[in-house]
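One structure is given below, encoded as structure tokens.
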Amino acid sequence: MASWCVRAVRQSYSFVASPALTRGSPRLLCMATQQKNGHRSEEEAEKPEPSPTEKTLMEEKTQLEDQLKDMTEKYKRALADTENLRTRTQKMIEDAKLYGIQSFCKDLLEVADILEKATESVPKEEVTSQNPHLKNLYDGLVMTEVQIQKVFTKHGLIKLNPDGQKFDPYEHEALFHAPVEGKEPGTVAVVTKVGYKLHGRTLRPALVGVAKAL
């Protein structure tokens, strides 16, 4: 009985390990795969087409998605435009705060010019204790001029006296060009009226004469 069992096991092993059976396995697998794919194709072919109601719902879904995309883009553009408008409005408010006194400052510049001319016209040799009335008047004019320049500086109004500086068309207005000994060409040789800048913006250009080559 034991010997018969051993022979049966050996025959079974030989059948499983047979080369013919091994070579045939890929073909069997390929056939099985084709049968499986064919079964799937049949299932897909048997799948019913969507009904008119389903088609309508799909079209409505596509339209709604397109509308949502369009509304999202419009919303983003509206946000960007609103932010740009807010930035421009804020800039206009800041400029109004800085330059709102521009007209008032221009009017005061004439007063400052008169004070400067008055102090320059007084002969310095006559401003002595022997002439107390003239000395007191001169000292008062000088103090007034100093005070008004302090007020100008407090509000961002700065005097431009570009004597000897390089000519800048954004800050200076050339009245004439003339050869001046000891001055480099293109520099300011004479300042006939000082200029002013308000918070970095030229309020009144300085009136100057520019040196040119000899």
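Numbering starts at 1 and runs along the sequence shown.
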Interatomic distance, [X] atom [atom1] to [Y] atom [atom2] [nearest 0.5 angstrom]:
X	Y	atom1	atom2	answer
Glu126	Lys124	CD	NZ	11.0 Å
Ser129	Asn136	OG	CG	10.5 Å
Gln90	Asp95	CD	CG	10.5 Å
Leu108	Leu157	CG	CG	8.5 Å
Glu173	Asp168	CD	CG	13.0 Å
Gln147	Thr144	CD	OG1	8.5 Å

Determine whether Asp66 and Gln63 satisfy the following criterion, side chain to side chain contact (heavy atoms under 4.5 Å, CB included), listing intermediate values before the conclusion.
CA-CA 5 Å; Asp66 293 339; Gln63 292 178 357; 5.6 Å; no

For [X], all residues meeting side chain to side chain contact (heavy atoms under 4.5 Å, CB included), sequence neighbours excluded:
X	value
Val210	Phe167, Ala174, His177, Val208
Thr153	Ile158
Lys106	Gln102, Leu203

Does [X] have more than 12 heavy atoms from other residues, nucleotides or ligands lying within 6.0 Å of its [atom1]?
X	atom1	result
Glu181	CD	no
Gln130	CD	no
Lys135	NZ	no

In chain order, what residues pass the salt bridge (Lys or Arg N to Asp or Glu O under 4.0 Å) check against Arg86, with sequence neighbours excluded?
Glu83

Can you list the residues that meet the salt bridge (Lys or Arg N to Asp or Glu O under 4.0 Å) rule with Lys193, with sequence neighbours excluded?
none

Over all heavy atoms of both residues, which pair between [X] and [Y] is shortest? Give the atoms and the distance, please.
X	Y	result
Val188	Pro162	CB-O, 3.3 Å
Thr187	Gly164	CB-O, 4.2 Å
Pro179	Ala213	CB-O, 4.0 Å

So the side-chain hydrogen bond (donor to acceptor under 3.5 Å, both in side chains) pairs with at least one residue in residues 199-214 (sequence neighbours excluded) are Asp113-Arg204

Pair Arg77-Asp81, salt bridge (Lys or Arg N to Asp or Glu O under 4.0 Å): steps then yes or no
CA-CA 6 Å; Arg77 287 197 296 270; Asp81 293 341; over 6 Å; no

Indicate, with yes or no, if [Y] and [X] share a hydrophobic cluster defined by side-chain heavy-atom contacts under 4.5 Å among Ile, Leu, Val, Met, Phe, Trp and Tyr.
X	Y	value
Leu98	Met92	no
Tyr170	Leu207	no
Val146	Tyr138	yes
Tyr196	Leu198	yes
Val191	Phe152	yes

Spell out, as yes or no, whether a donor-acceptor pair under 3.5 Å connects the side chain of Glu59 to the backbone of Thr56.
no

Audit row: Asp163, Lys183, salt bridge (Lys or Arg N to Asp or Glu O under 4.0 Å) steps and yes/no
CA-CA 10 Å; Asp163 187 20; Lys183 296 285 186 179; 3.7 Å; yes

